[in-house]
Engineer: 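One structure, pasted below without further comment.
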Amino acid sequence: MIRAAAPGSAADLHRLCERMRRIQYHWGLRLTYDNDADLGLQPEATRTIARHLLHQGVTQLEVMIGLELLAPVVRDEDIDLLCTIALLQGDYGYAVTGMLSACANPGRSLHWLAVHSLPRDQTTYTDALGTLTAEDAAALLEALDTQALVELLRMMSHRSHTPNWIKGNKRLAVALALAAKRPALFGTDLPGLVGLTQVRDDLLYGHSAFLDFTAGLRAAIARDLLAALGTPGARALIAAALTRDPHDGEAIWLHRYPERADTDDGDFPPGLAIRIAVPAPSTGQEPRTHLLADGVPIVTRLFNIGVPGMPGRLLHPERGLRAGTEPHEVWLAEADCAEGCCGVLSARVSSDEATGRVHWEVKATRGRTKSTRFAFDAGEYAAEVERAAADHSWEWPALRAARLLDQRLRDDPGLLARWDCRLAGAASWSADRAVVRLLLWHPEPPNRDRPWLQFEHRITLPDAVVVDDDVVEVAVAGLLDRLRTTDPTSFATVCGGSPAHAAALGIPWPSRR
C-alpha cells in the first residue's frame, strides 16, 4: 500500500516517482489517501499528481496509479493522453476504456483505439463499443464513411453479444449493401479478402443478420460479396499467393471458401437450416455449426456469451441433433469462458409422431432466461440433419484424417486396449492445420485411485486446396498399422499426468514440458 500526501512542489512529485520506480506494479498495489493524517487530496491536486505520473512515469506502477487517480476526475481534455497510453495495450487499454466512457463522444475514441490496436487487444475496445448508448452509437456511425462502417461490422463480428445499436440499424444495412458493390473497399490484398468473408459470414450467421434489411437485400448482399471473391483480380491474388507457397493456409482457405458457399444463403428456406462455417486460419477459431430457424441465427439471437458448437458435437450420430421419441438435450453453444462458469445454450429435442413435428425447447443453463420453443416439420428436419452430417467438404486434410482415425479407434476399442490404453480423441486444430493429434490415456482416464498419464502423438498432413482422400487414407491406415504392432507409449509423448504417476507406471517423465 502506498500512502500519498498532497503535493508541495514539482520536486515532491519527482520524488514520488522515484519511490515508485523502486517497486514493481501488480494488481494488489493501490494508492490510498492517509485520512488519519487529514491529508486528503482535492480534485485539482489529484489531477496534478495523476497527469504528472502519466506524463513523466516510466514504470507500469506509475502509469497505472496515474490512471486510477485520474479516473474519478477525468475531463474531455484528457482524451488524447488516454488514447496514447491505451496504445501500450494490455492493462492500460482496459483501464482507459472505462475512463473514456465518462468523456464526450466515447464511441469515436473507442473506435479509434479499435482500429489502431493489435488484433489481440481489439476486443477490449469492441466490447466497450458494444455497450454504447443509442445516442453515442448514433454519433459514432454518423461520423464514419462506408468503408469505416463495414470495418466496424467486421470488428464487432468477433464478439459474442449483439449490440443493441446494430439491431434494426438501417444506416449499417445500407453501408453494407454499398460496400458489397465496391469490394475494393475491403482492401486489395489477402487480409482484405479475408475481411470480406468475415463480413459475409456475419451477415448470414452473426450480428449483421439483425440489421434493417428490405425484402431480399440480405441475400443480395451475400451474393455480391461471394461474387467479389470470384473476380479475376481476387482469383489472381489468391493464385499468386499459392504459387509463392502452395501450403499458405490463408490462401488455401480463400480458394476453398467460394467452392463451399451456397449462393442461396441469405434467402434461407423455412424451417431449420444448418450451415458449417470454417473461420480463416489467422483467426485461430474452430469450425462452427450455425443453426438458423426461418433464416434467423438461433445462437446469435439467444446466447450472448458464446459461439455455436462444433460439428462433431451437434451432428454426432448418437448424441447430436437427430430427433427421437425420447427427448434428449444437446448443447447448441458453450460460453466463451467455460460451461462450468457461464453455462451453455441447450436444446431439449423431441419428436412428436402424432403431429409430425420436431420440437426444441432452448434455454441457457445460467441466469434467469426464459426458454424459447421451436417446431419443425419432422421430414424436412431429418433430411437437413442428415445432409449436414454427411457433408464433410468443409474439412481440411488433417481434420478429415483425425475424424476417420477417431471413428476407427472407437469402432475397434481392442486395438488400444491391448496396450492398456484408452482413446482420448483425435483432432486437428485450426491454428495448426497441418497436424493430426492423437491423444491417449494410459492405463485409463484420470482416476484418483490409480496413477494415469496422457500421451500425444502427432503426424503431419499438409493443408491443400483439394483434399485427397487417398492421401488421408494412407496416413490413417499407416498409424493404425503401427498401433497394431507397437505400444503407443513407446513412441507417443507424455503430455499429461504427473511425475509421481509416471514413476509409479515406470515411464520416464519428460525433462521439458
Side-chain angles (χ1 to χ4, degrees), residues 284-289 305-320 328-346 364-366 398-399 401-433 435-460 476 479-480 482-513:
Q285 298 170 351
E286 302 304 325
R288 299 174 178 180
T289 312
I305 52 175
V307 297
M310 294 178 64
R313 171 182 288 168
L314 289 168
L315 299 175
H316 191 280
E318 297 174 4
R319 303 184 297 275
H328 68 283
E329 289 196 358
V330 183
W331 288 7
L332 306 184
E334 186 174 356
D336 293 328
C337 46
E339 181 273 336
C341 180
C342 292
V344 301
L345 184 69
S346 176
T365 58
R366 294 285 189 276
L399 183 59
R403 175 177 57 82
L404 294 175
L405 181 62
D406 186 276
Q407 176 183 312
R408 292 177 188 179
L409 287 173
R410 292 187 189 281
D411 290 343
D412 184 10
L415 195 154
L416 291 176
R418 74 183 66 180
W419 308 113
D420 205 15
C421 291
R422 302 292 182 272
L423 177 66
S428 177
W429 302 117
S430 181
D432 196 2
R433 296 191 181 200
V435 176
V436 181
R437 302 168 188 265
L438 174 63
L439 294 168
L440 306 171
W441 301 112
H442 171 73
E444 59 186 354
N447 186 322
R448 320 183 170 172
D449 302 322
R450 292 183 59 185
W452 60 270
L453 293 173
Q454 186 177 46
F455 288 81
E456 179 187 62
H457 179 62
R458 302 182 184 185
I459 59 175
T460 300
V476 173
L479 182 52
L480 290 173
R482 188 176 186 185
L483 291 171
R484 290 187 183 97
T485 59
T486 309
D487 184 346
T489 64
S490 69
F491 61 83
T493 302
V494 175
C495 65
S498 69
H501 286 180
L505 293 168
I507 294 174
W509 182 256
S511 57
R512 283 188 176 183
R513 295 189 57 233

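Owing to the predicted nature of the structure, the values given are computational and were not obtained by experimental measurement. Only heavy atoms go into these numbers, but all of them, side chains included; no hydrogens, no water, no symmetry mates.
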Engineer: Can you list everything that forms a ring pair (Phe, Tyr, Trp, His ring centres under 6.0 Å) with Trp441? Sequence neighbours excluded, please.
Structural biologist: Trp452
Engineer: Side chains of Leu409 and Leu438: does their closest heavy-atom pair fall under 4.5 Å?
Structural biologist: yes
Engineer: Do you know the tightest heavy-atom contact between Gly496 and Trp509?
Structural biologist: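 Reported closest heavy-atom pair: O-CZ3, 4.2 Å.
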Engineer: Locate the shortest heavy-atom distance separating Leu399 from Pro287; write the atom from each residue and the value.
Structural biologist: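 That would be CD2-CG, 4.5 Å.
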Engineer: What distance do Leu480 atom CG and Arg408 atom CZ have between them, rounded to the nearest 0.5 Å?
Structural biologist: 6.5 Å
Engineer: Applying salt bridge (Lys or Arg N to Asp or Glu O under 4.0 Å) as the test, list every pair that has at least one member in residues 499-509; sequence neighbours left out.
Structural biologist: none
Engineer: What is the minimum heavy-atom distance between Thr365 and Gly343, and which atoms define it?
Structural biologist: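 For Thr365 versus Gly343, the nearest heavy atoms are OG1-CA, 3.3 Å.
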Engineer: When rounded to the nearest 0.5 angstrom, what is the spacing between NE2 in His501 and CG in Asn447?
Structural biologist: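 Here the rounded value is 9.0 Å.
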Engineer: If you look only at distance, which donor and acceptor atoms sit under 3.5 Å apart when one is on a side chain in residues 421-432 and the other is two or more places apart or in another chain?
Structural biologist:
| from | atom 1 | to | atom 2 | distance (Å) |
| --- | --- | --- | --- | --- |
| Ser428 | OG | Trp396 | NE1 | 2.9 |
| Ser428 | OG | Val435 | O | 2.9 |
| Ser430 | OG | Gln285 | O | 3.2 |
| Ser430 | OG | Arg433 | NE | 3.4 |
| Ser430 | OG | Arg433 | NH2 | 2.9 |
| Asp432 | OD2 | Arg437 | NH2 | 3.3 |

Engineer: Rounded to the nearest 0.5 Å, how far does CG of Leu505 lie from CG of Asp420?
Structural biologist: 9.0 Å
Engineer: Side chains of residues 307-315: which donor-acceptor pairs under 3.5 Å do they make with residues two or more places apart or in other chains?
Structural biologist:
none

Engineer: Using every non-hydrogen atom in the two residues, find where Thr485 and Trp419 come nearest and quote the distance to one decimal.
Structural biologist: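 Closest pair (atom of Thr485, atom of Trp419, distance): C-CZ2, 3.7 Å.
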Engineer: Taking only residues two or more places apart in sequence, or in another chain, which ones meet Thr493 in a side-chain contact (heavy atoms from CB on, under 4.5 Å)?
Structural biologist: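 Partners of Thr493 by the side-chain contact (heavy atoms from CB on, under 4.5 Å) criterion come out as none, since no residue qualifies.
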Engineer: Decide yes or no for Pro488 and His457: does some side-chain heavy atom of the first lie under 4.5 Å from some side-chain heavy atom of the second?
Structural biologist: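 No. Closest side-chain heavy atoms not under 4.5 Å.
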Engineer: side-chain contact (heavy atoms from CB on, under 4.5 Å) with Thr460: which residues, sequence neighbours excluded?
Structural biologist: Pro462
Engineer: In Å and rounded to the nearest 0.5 Å, what is the CD to CG distance from Glu444 to Leu453?
Structural biologist: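 Spacing of CD (Glu444) from CG (Leu453) equals 11.5 Å.
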Engineer: Of the non-hydrogen atoms in Ser346 and Glu329, which two are nearest, and what is the gap between them?
Structural biologist: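 Here Ser346 and Glu329 meet closest at OG-OE1, 3.4 Å.
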Engineer: Find the distance between CG (Leu440) and CG (Leu483) and round it off to the nearest 0.5 Å.
Structural biologist: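 One gets 7.0 Å once the value is rounded to the nearest 0.5 Å.
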Engineer: Using a 6.0 Å cut-off, check whether atom CZ of Arg319 has over 12 heavy atoms from anything other than its own residue.
Structural biologist: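 No.
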